[in-house]
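Just below is one structure, and these are the notes that go with it.
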Amino acid sequence: MTNQRYKPENEAQLQELLAWASQNAMTFDLSGQGSRRGLGRPVKADAVLDMTAFSGIRSYEAAELVLTAGAATPLSEITAALHEKNQQLSFDPPDLGPFFGQEAGQGTLGGLIACNLAGPRRLSAGAARDHTLGVSAVSGRGDLFKAGGKVVKNVTGFDLPKLMAGSYGTLAAMTEITVKVLPAAEKSRTVLVMGLDDAQAVKAMSVALQSEHEVSSAAHLPLAAARASTVSYLSEAGGAVTAIRIEGPGPSVVHRCAALRDLLGSFGPTEELHAHNSRTLWQEVRDITPFAGTSTPVWRLLLPPSKAAGTVAAIARSLDVQPLYDRGGGLVWLEVRSGTDAGMAEVRAAVSAAGGQAALIRAPDELRSRVAVFHPQPEPLARLSARVKEAFDPKGVLNPGRLCAEF
Amino acid sequence: MRMPEPDAAVIGRRPSIVEALRAICPEPGAVITDEKELRVYECDALMAYRQLPMIVVLPSTTEQVSRILRYCHENEVKVVPRGSGTSLSGGALPLADAVTIGMGKFNRILEIDYDDRCVVAQPGVTNLGITKAVEHKGFYYAPDPSSQIACSIGGNVAENSGGVHCLKYGLTTNNLLGIEMVLMNGDIIRLGGRHQDSDGYDLLGVVTGSEGLLGIVTEVTVRILRKPATARALLMGFPSNEAGGDCVAAIIAAGIIPGGLEMMDRPAIKAAEDFVHAGYPLDVEALLICELDGPEVEVDHLIERVSEIARNSGATSIRISNSEEERQTFWAGRKAAFPAVGRISPDYLCMDGTIPRRRLPEVLTRMTELSNQYGLRVANVFHAGDGNLHPLILFDANVPGELEKAEAFGADILTLCVEVGGVLTGEHGVGVEKRDLMGSMFTEDDMKQQQRLKCAFDPQHLLNPGKVFPTLHRCAELGKLHVSGGNIPFPNLPRF
Ligand SMILES: Cc1cc2nc3c(=O)[nH]c(=O)nc-3n(C[C@H](O)[C@H](O)[C@H](O)COP(=O)(O)OP(=O)(O)OC[C@H]3O[C@@H](n4cnc5c(N)ncnc54)[C@H](O)[C@@H]3O)c2cc1C
């Protein structure tokens, strides 16, 4: 690692810098505030590319549902502006600072999009990628390009904004981003079902999701996770808690919560969380707080929801694990407390068998540099991904090694 | 519109290509060479452009698609993928020296999974076919292009199609979980799955809407949703387009995202009313249809709020549907808008730009000026919630020069959309229709970067050439780097 740091002031300087780097075998660690450095594989680069100059909200048209901002704009600034107009980024951006042992409230828009992060509302409202409408960026070749647009509906040209989302800064350095914003719900409440085991909980969430009650989020906190909550209904439950979030206009939320409690009553006793408690719970699920404050390895499992409990049970037969279920089971955060390399062999085998993917979301640098942090791809797809990288950054200037060992 | 010069050498090799395709697809009728049968495939729904394909092949397995593409890759034969041929931008327009690969035989639903709330289907299944397969259980597939009885789900993926409900429920891309596709070199890959999001580059996102330029989709997994408990609609008339536009903005500013929010201008209202007698008011300049869906209490509550907003925006008539039948009647005129216009004009062109909604009044005024200038009528229907305009330009193809005039008018409208901060196409795709306008929205560098992506999938530009990009640069040329030697620039850049 180096502490050489370059801070281009505008797109022209950024272009020239990256063009030079691509010609002269120089590599950069691309960072906004560096708050998400714990995600992905550690980058070993010649210098740090400091993007903080590309900051500030350029335009925000609440009635058009779009906001354009410099990629390095602090997320807190964007959230505050949206809050004033009663709007939000509906994909529920998580704040993973505390999870990674850092401060809360950090992070830039670009970092959020580059990692395609999303919280529990991902289930019903889409991920960061679904809300990324347009980007301007400088590729690893040093070319400035824009793609997408600044309106909510657009199919002109390839959807490169989606490609930028989740590319972890390995294709291009984003300078400006246009995101879709949406009204914040008038009311938000949570129905709790108490005491279910993982398999029953996934069933209960599936029943809720198949109902007409428009569930916005669905999570299951087994005993340990529930106990770690700051919401007393959960921490004092003495067992697992399954949570279903309902959002919308006031009368509708009241009605749907009542209907859901009826529907789920056969699974176990139900409770209802209002306002503050409801908000706190979903923040905790969003920010993986049950696993914050330690440094044990954590996996992110993406699974067909119906396979979630079975997959975790299969892993638990050989490893000491603690799960936290989100997205009705479609996402499992799995803390692993035993095994070699964070139980990689066992975790990947079980998840692959279920048709899912496993990413090592938190682990020591040493381990993350040595293994495939993201789910390995089969040969033809891996080759294609390498060609896509080459199309943007043929010399591997940007974030070498962050996504995989090969580039 | 100029298409790439057909390659006489490839056309000369037609017999051997036919033979190779027959070896791959031996089923009777799978390889079409007869001129009369080829005619069926000569155009899509952009009927102004026609071209007889060199050969049509109708594979029925992924393995066959893979072998066809590998053969074409190795023998440098161009291919044009085709679903149901309802593209309005000429995406499926054949080429004289290309094989059209029709996906119609891929017409089976493979799996319905209510627990994971998804359907796995072959790409030739129609959009409506998916909803039909799950509606007895109260489910549906949300994106609903007006062509849904005919268009294929594979075509929807290729065009990232929308529909009247996409403001609330998203376009195809937001409802797609996974695909299987074949690359030009014959490689079969899977993107996504039955879960949301994937590790690695979001190739699923970039293939969606790629208009058949990146590969052939052979299987599709989409998420299905439970049908909302109820739906009701409001029909609201306004004395001006401004007032109608203000009402749309006010609804959204109030935090309401309706299931559907459609607007029609005076000529469109008149044509629709004359055709289906839906009871539309004829003394208004703009008509809004606002549909609210969800639990009954929510819908009733929002109906009240929207009525109030409409009154405050100066609505001169407000009707609220009180039965499912009445709701359908409100929609009948809007849904029949295209054929209604077809009745009052021998031909029409359907445009598809998106604008920032607040610019609507000025765009409509400019459009009226252009209409006078070209001497051609225009009727407007649009997805008002997301600013997606569908101006219908009325003309008569039998009058010499009118098609060209209509096209020039259409091009002016689309560049106007870009000028006011919008885009060339909201849901119909670039195809051949808007290909030569791409430069009004993108710089040469923007388009080159898109083409570099294309090179990663199809280095010889064999998949659907002549579509989307006005000029195709050779991949070798696109790969060249800028020359910049010497010392690192900006030694004076702040370093720490
Ligand atoms: C009356 C009418 C109304 C319409 N209304 C709407 C609307 O409301 N919203 C909307 O978005 N669109 C609308 N459309 C446009 C059109 O229906 C859509 O673009 C549709 O998705 C095209 O599907 P298709 O199967 O007909 O594809 P085709 O027209 O056959 O092909 C379209 C493109 O997709 C490619 N393609 C097709 N299948 C595959 C495959 N399996 N793999 C890779 N590429 C493939 C083709 O190469 C071509 O580029 C309408 C069209 C008509 C005629």
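Every chain is numbered from 1, with letters handed out A, B, ... down the list of sequences.
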Of the backbone (N, CA, C, O) and the side chain (C-beta and beyond), which part of [X] lies under 4.5 Å from a heavy atom of chain A, both, or neither?
X        : result
B:Ile257 : side chain
B:Phe139 : side chain
B:Lys448 : neither
B:His428 : backbone
B:Ile355 : backbone
B:Met438 : side chain
B:Arg190 : backbone
B:Ser161 : neither
B:Ile251 : neither
B:Leu171 : side chain
B:Glu211 : side chain
B:Lys480 : backbone

Donor-acceptor check, side chain of [X] to backbone of [Y], threshold 3.5 angstrom: yes or no?
X        : Y        : result
B:Arg452 : A:Ala391 : no
B:Arg357 : A:Ala63  : yes
B:Asp116 : A:Ser306 : yes

Could you give me the CA-CA distance, side-chain angles and deciding distance for B:His195 and A:Leu303, then say whether side chain to side chain contact (heavy atoms under 4.5 Å, CB included) is met?
-> CA-CA 5 Å; B:His195 44 78; A:Leu303 290 162; 5.6 Å; no

So how far is it from A:Ser206 OG to B:Arg117 CZ, rounded to the nearest 0.5 Å?
-> 5.0 Å

Can the ring centroids of A:Tyr168 and B:Tyr201 be said to lie less than 6.0 angstrom from one another?
-> no

For A:Leu381, the option from B:Asp187, B:Ile188, B:Leu191 that meets side chain to side chain contact (heavy atoms under 4.5 Å, CB included) | B:Leu191

Carboxylate-amine/guanidinium proximity below 4.0 Å for A:Lys162 and B:Asp202 = no

Report the C-alpha separation of A:Val388 and B:Val206 in whole Å, then their side-chain angles, then the decisive distance to 0.1 Å, and conclude whether the side chain to side chain contact (heavy atoms under 4.5 Å, CB included) test is met.
-> CA-CA 11 Å; A:Val388 169; B:Val206 91; over 6 Å; no

Do A:Glu64 and B:Arg358 pass the side chain to side chain contact (heavy atoms under 4.5 Å, CB included) test, and can you show the C-alpha distance, the side-chain angles, and the key distance before you say yes or no?
-> CA-CA 8 Å; A:Glu64 305 282 346; B:Arg358 66 181 185 287; 3.3 Å; yes

